[in-house]
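Have a look at the structure below before the remarks.
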Amino acid sequence: QSGSDSSDKSKTITVVFYPNESAKSFAGSRTAIKKAVEKATGKTVKLQTTTDYNVAIQAIASGKAQVAYMGANGYIQAHHKSKDVVPFAAQSDAKGTLKDATYNSYLMVQQKDAKKYEENGKYSIKNVKGKKMSYVSNSSTSGFLVPTAEISREFNIKTSDQDKLTQSGQFFSKVLYGGSHQGSAVNLIKGDADVAAFDDADLMPYLKVTKGSWDKVGSTFTVKDNADAPFTSLTGKSVVNIAMMPVQQGPWVYNTKALSKDDQKKIATEFTSKSFAQNKQIFSEPNAKTPMMFPKKSDKSKLVKVTDKWYAPTHKLVGY
Amino acid sequence: MTPERFFRQRRLRLSVVLLILIGIYVISMALVNFQAWASISKIPAGLMWLFTNFIPTSRSISYLGPILYQLWRTLLVAISSTMVASLFALVFAILGAKTTTPTPALRWGIRFGASLLRNIPVVAWAMILLFSFKQSDFTGFLALFFMTLGYLTRAFTETIEDLDAEKLQALQAVGANYFQCVFCGVLPEAASTLTSWVLYMIENNLRDATLVGLLTGTGVGFLFDYYFKAFRYDAAGLIVLLIAILVIVLELTSNRIRRAIA
Amino acid sequence: MIENSQPKPQVLHPSAPPTNRISLVTKPRKILRGVMLSLALITIYSLITLNTANLAISDALHSLGLNLNAMFLHPSIGQDTWSQLLRALLTSVSLAMLTTLLGALIAFFIALGAARNLAPSWLATSIKAVMAFIRAIPTILWVLIYSVVMGLGASAAVVGLTFHSVAYLVKAYSESIEETSADTIEALKASGVGFWPIVFQAILPSIIPALLSWTFIRFEINFANAVAVGAAAGADDIGYFLFMAGSFYFDFHEVGLIVYLLLGVAIVLELVSMRLRGHYLKQN
Amino acid sequence: MLKVIQLDKTYGSNKHSLKAVNFTAKPGEVTAIIGPSGAGKTTILRSINQLIRDDSGQILLDDTDIRQANKSELRKIRHHIGMIFQNYNLISPLTALENVLHGRLGAKSTVAGMLGLYSPAEKQEALQLLDEVGLKEYAYQRCDQLSGGQQQRVGIARALMQHPKMILCDEPIASLDPKSTTIVMDILRRLAKEKQLIILINLHQVDIAMAYTDHIVGINSGAIVFEGATKDVDDAVLQAIYRQSEQPATVTANEN
Amino acid sequence: MLKVIQLDKTYGSNKHSLKAVNFTAKPGEVTAIIGPSGAGKTTILRSINQLIRDDSGQILLDDTDIRQANKSELRKIRHHIGMIFQNYNLISPLTALENVLHGRLGAKSTVAGMLGLYSPAEKQEALQLLDEVGLKEYAYQRCDQLSGGQQQRVGIARALMQHPKMILCDEPIASLDPKSTTIVMDILRRLAKEKQLIILINLHQVDIAMAYTDHIVGINSGAIVFEGATKDVDDAVLQAIYRQSEQPATVTANEN
Ligand SMILES: Nc1ncnc2c1ncn2[C@@H]1O[C@H](COP(=O)(O)OP(=O)(O)OP(=O)(O)O)[C@@H](O)[C@H]1O
Ligand SMILES: Nc1ncnc2c1ncn2[C@@H]1O[C@H](COP(=O)(O)OP(=O)(O)OP(=O)(O)O)[C@@H](O)[C@H]1O
Ligand SMILES: [Mg+2]
Ligand SMILES: [Mg+2]
């Protein structure tokens with residue numbers, strides 16, 4: 001196994017992907033990344049997909065994998081386990097900077113119930129207490145961590161009491177887990193939940209904006225007429241976002257103990273280079289049929305250098 | 001036929017079996033790229049890692065209340081699903097066992113059905129049940145019920161097939177009919193084995209809580225998942241410890257019960 | 001106390017109570033009934049308190065019908081290719097075979113120490129307790145542990161899954177060993193045969209049918225486990241495709257197809273196991 | 001009256017176990033089947049109540065052919081045929097009393113039989129029978145805790161519990177001591193006379209056969225070599241019955 | 001020379017199965033233990049090779065007390081004691097030949113024993129022994145396909161395969177026909193004489209005991225009631241051996 005000896009001199013470099021980025025459709029992007037790393041370092045690269053967050057995080061933290069692409073929350077966890085895990089690149093915003101390098105997590109309600117959460121024309125989450133809540137899964141950043149943090153802030157719940165938000169019959173009358181962003185949305189649209197948490201990226205294929213925009217609180221979203229399973233029987237139903245939280249883009253990280261300084265530099269340079277951003281296998285064209293790993297919002301979209309400092313907001317959310 | 005030839009044939013057969021097994025081993029090792037020695041040498045390290053990371057701390061003791069409550073709920077679901085499933089399994093097993101089946105066609109049908117239930121993967125169960133039956137205890141119960149039914153039907157069938165056929169013949173010779181043979185012969189003869197299977201399945205269902213956690217969002221399986229994914233390994237370790245204790249207690253009780261009814 | 005033509009000994013009648021009511025209920029039976037009754041009561045209690053989330057059965061069944069229809073009546077290959085799927089299926093089968101083979105081999109020897117009719121009872125009890133503990137640790141945790149110490153990949157999955165196999169098979173094997181007739185073992189003991197020859201010449205041949213059926217049941221479980229957690233360790237097996245199709249793309253059709261593939265393997269297995277068992281059980 | 005006509009039986013394909021067996025057993029008489037080990041004695045008995053299906057022939061019990069009976073008829077017929085086995089074949093986790101009561105199963109409704117509901121009279125009778133075979137004290141003991149001889153006697157009581165027309169005994173006294181042997185053979189002979197039962201016994205002990213039976217069927221390698229009154233059995237006859245067959249038919253080393 | 005001195009044995013707590021049993025068996029002689037069913041015959045035999053641990057007493061074989069032997073000594077001693085069981089106790093999925101060869105296991109190294117490696121001479125001898133008990137044709141048949149009598153003879157061959165100093169037989173002829181009985185008893189008697197073996201046989205058939213043995217031990221309810229030369233056994237002695245014990249000791253209906 002490549003990672004069996006985690007010294008600087010390791011001949012192969014293992015790159016591990018989160019379940020999300022392990023998707024089959026990103027196979028092309030993964031291969032392109034492999035080639036890029038091989039070209040930069042001259043070493044053999046091994047790609048490793050996984051279907052379990054923990055496994056990916058432990059792999060990079062323990063140095064069995066040298067490079068990983070993770071979510072912001074996962075990075076914080078990995079960094080907490082081992083300070084050797086350091087971010088070196090993240091997806092930029094449309095302007096090619098880190099300023100708005102975020103995506104959105106929502107708390108949504110059904111359109112017919114939206115009124116109940118409106119006060120003087122402004123939506124708030126004051127009324128979510130005692131409702132039926134649907135999360136994605138307890139390992140999700142945008143479908144769990146960020147929403148619970150938002151609710152805790154609103155209701156002044158101490159960190160040590162946050163477990164209350166996760167189980168039925170405490171803060172919420174009922175807590176459901178959709179298992180995925182889609183599943184959480186289905187819970188809401190079917191009426192099993194009153195409030196649901198999910199993000200924009202995962203629902204874009206199924207929902208269209210019918211009022212407002214993806215970036216505005218109080219917008220209305222409707223299930224597309226040609227939506228695939230599990231939305232096939234739910235077409236035309238509408239939901240409203242009553243809260244929107246920015247989530248920081250996840251970083252590319254390496255384990256500084258397991259990767260030589262030289263290789264670290266070479267990889268960071270390659271990833272943030274122009275040619276990398278122009279690789280069509282990695283950054284999808286604006287209207288490409290099959291999306292690649294990173295969407296090209298504009299010409300300036302690219303990977304930019306990041307440090308642990310930039311993730312301070314997420315550090316704060318997680319609590320360490 | 002001389003003894004020499006006989007034993008040569010024996011040895012030949014044994015060697016063929018061994019060769020096949022070694023072949024399977026080598027081929028699958030190559031196919032999945034498994035490194036035997038490197039892996040075996042890492043086993044102690046893994047155990048060390050487990051014990052250093054998953055030791056419950058004083059902090060995790062404070063979670064004891066909710067964990068015990070969920071453990072209790074899970075135990076209830078495990079018991080009830082096993083009991084209901086074992087009723088059905090018993091009927092299917094009697095109808096499906098070679099020695100007691102009314103018609104061989106039924107036997108194949110039952111074996112096939114049981115195999116189906118056992119081999120539908122967790123992900124598929126989740127898809128089948130979750131989208132239709134919502135996330136609730138009942139859905140968890142259903143999933144456990146079906147899986148248990150698959151295993152118990154097979155186990156019961158084989159238990160019954162292993163009984164001494166002559167003893168059943170003694171009852172047939174008395175003129176007992178099918179049901180009487182079953183109730184007065186098969187069941188008493190197999191009772192202790194069947195009971196130990198039921199008790200074992202309860203234990204198994206208690207452990208196999210991942211699926212239930214997924215389907216119900218409650219239970220000790222959910223809690224484990226929650227702590228595990230939140231990297232609160234001490235609490236997850238506490239859960240494992242409690243499950244282990246409960247499983248051992250169950251096993252001891254089940255041994256005592258088996259001895260008492262044997 | 002054989003009764004015969006000789007003068008009947010007086011003492012025979014009175015010892016038993018006047019037997020107007022003869023009860024057939026013996027103590028073990030009372031215990032069995034007690035156990036069954038309490039389990040039944042627990043079952044009823046938990047069924048009553050079961051949270052059904054106000055399930056509308058007709059809706060649920062309707063939707064179940066739709067899903068099953070999509071899965072099993074309209075399976076499709078989705079975005080994958082047959083060669084990808086079959087290759088992954090082969091990996092899963094290999095994983096299961098490896099873990100079963102390793103597990104069975106290791107478990108057989110440990111089981112000798114865990115069988116009460118062969119080993120001292122303190123040893124048997126402690127081995128069984130350790131095995132119960134190993135079984136209590138979820139499979140995914142074993143896989144995680146070994147991906148941490150060995151790195152991601154199939155090796156971690158194999159070692160992780162093997163742990164459970166061993167723990168399970170030790171229990172199963174040791175109970176089979178305990179069931180071998182004490183008399184046959186005694187017959188060899190009586191001629192001064194030592195432990196190992198008895199194990200291989202008497203016990204092993206007698207319990208082969210039981211071992212076979214346990215090992216095959218475990219193969220099935222290992223196959224299911226390989227599918228469920230193999231992908232977590234990056235073993236690139238059919239579990240990865242199932243996870244993608246199921247939890248990622250919600251492609252009921254492809255899930256259906258993969259389930260069919262898995263069932264195909266299971267049925268081949270079932271047939272092999274039935275034939276082997278039949279071969280060893282045939283007496284009459 | 002039991003008439004066995006041209007009974008033939010082959011196990012598997014390589015061995016003729018019964019060859020055109022013909023004999024008759026009368027009510028009120030004890031008939032012994034004697035012959036060397038492996039001659040087919042057990043096979044004959046099991047064919048009579050169709051525990052094994054023979055290949056051809058007729059088995060007439062009071063002029064109805066048992067071989068032609070359908071399933072439910074067979075059950076009724078079997079209820080009138082008690083059987084005592086070489087290996088006892090008791091349901092071991094149950095008590096002696098319950099095993100004896102099993103003799104009533106054939107006469108009970110399905111449900112009553114399933115649930116083991118026996119009338120007080122039946123229980124009393126079972127106890128009485130156990131007493132008769134000298135096992136009263138063991139009525140509530142599990143059968144697997146009894147000695148071989150004790151188990152055999154439970155089996156006899158079970159057969160008697162059926163109120164049978166005919167009793168088939170497969171070496172019923174093999175594990176009994178002489179005293180018990182006397183008792184059992186006495187009971188069987190008395191039953192035959194008093195209730196006009198047909199009693200068919202496989203025996204190894206020629207002396208017992210000579211002392212207790214009325215009619216003897218001698219069998220060797222699956223073929224009847226003698227049938228007649230016990231008093232007609234002389235040394236020549238015994239010689240014929242127990243003669244070594246030259247070559248054990250077509251038996252070959254089974255390679256399995 | 002086998003000397004059993006003050007052997008006592010209690011099963012569980014409610015029953016005295018052997019009470020101060022004393023007797024002697026000499027090489028070159030066949031000694032029979034006779035007594036009613038449940039008297040404790042089997043218990044004595046199993047105590048002798050320590051298959052059941054007795055409560056107290058001494059068992060001297062050539063002046064070494066078997067009861068004092070440690071584990072490996074016991075194994076060696078046992079290898080010189082052949083045993084033939086009431087229920088045959090063969091390993092049923094194996095062939096007759098293999099079961100006979102098991103008699104050599106006690107003399108083999110662990111590894112050779114584990115793998116069942118037998119020398120050609122041993123195999124030849126096993127076949128020879130099977131021939132002697134009349135089962136040559138069945139050497140390659142699975143034991144569970146043999147009749148009771150056939151299985152019993154395989155058991156005898158297995159004991160002979162041990163080249164024993166002493167053979168313990170628990171009702172070895174219970175399921176044998178008279179012819180086989182004669183053969184087996186003849187073999188045993190011949191072995192006793194030729195090889196100066198100690199042969200101890202539990203028997204139910206008094207006539208066989210009278211015809212084939214030199215020495216008789218009579219037991220009733222766990223106590224020796226007679227020991228002496230066979231020729232000294234008369235009706236009074238038999239009466240005493242098989243007499244009804246007044247009250248079956250403390251046996252009560254066991255609710256277990
Ligand atoms: N299930 C079977 N399969 C094959 N052969 C069998 C089977 N049962 C019995 N036989 C053979 O049929 C023949 C007759 O067997 P059977 O049991 O009737 O003999 P038996 O006269 O009762 O002998 P014994 O006195 O030893 O009990 C024997 O040679 C035996 O090997
Ligand atoms: N394992 C046991 N537990 C309790 N009691 C037993 C056990 N084995 C035998 N006994 C009792 O001990 C007594 C002697 O039994 P044993 O088997 O030695 O008799 P036996 O003389 O060989 O009888 P048989 O001629 O019927 O074989 C019997 O009353 C029996 O019920
Ligand atoms: Mg027979
Ligand atoms: Mg005995």
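Any value given below was found using the heavy atoms of this structure, including those in side chains, with hydrogens, waters and symmetry copies removed. Chain identifiers are assigned alphabetically (A, B, ...) following the order of the sequence lines, protein sequences preceding nucleic acid strands; residue numbering begins at 1 within each chain.
- Top candidate by heavy-atom pairs under 4.5 Å with chain B, chosen from D:G82, D:S92, D:S72, is D:S92.
- Between B:E158 and B:R111 there is a salt bridge, since at least one side-chain N of the basic residue sits less than 4.0 Å from a carboxylate O of the acidic one.
- Proximity to chain B (any heavy atom under 4.5 Å) is shown, for D:L51, by both the backbone and the side chain.
- Under a 4.0 Å N-O distance rule, the pair B:E161/B:K98 does not qualify as a salt bridge.
- For the options B:L168, B:V182, B:V174, B:L171, heavy-atom pairs under 4.5 Å to chain D are most numerous at B:V174.
- Only the backbone of D:L90 comes within contact range of chain B, judged by heavy atoms closer than 4.5 Å.
- Using a cut-off of 4.0 Å between Lys/Arg side-chain N and Asp/Glu carboxylate O, D:D170 and D:R46 are scored as not salt-bridged.
- Heavy-atom pairs under 4.5 Å with chain D peak, among B:P188, B:C184, B:A176, at B:C184.
- The candidate with the highest count of non-hydrogen atom pairs below 4.5 Å against chain B, out of D:M114, D:K108, D:H79, D:R158, is D:M114.
- A salt bridge between B:E4 and B:R8 is absent, with no side-chain N of the basic residue lying under 4.0 Å from a carboxylate O of the acidic one.
- In this structure, D:K3 does not pair ionically with D:D63, as no charged nitrogen and carboxylate oxygen lie closer than 4.0 Å.
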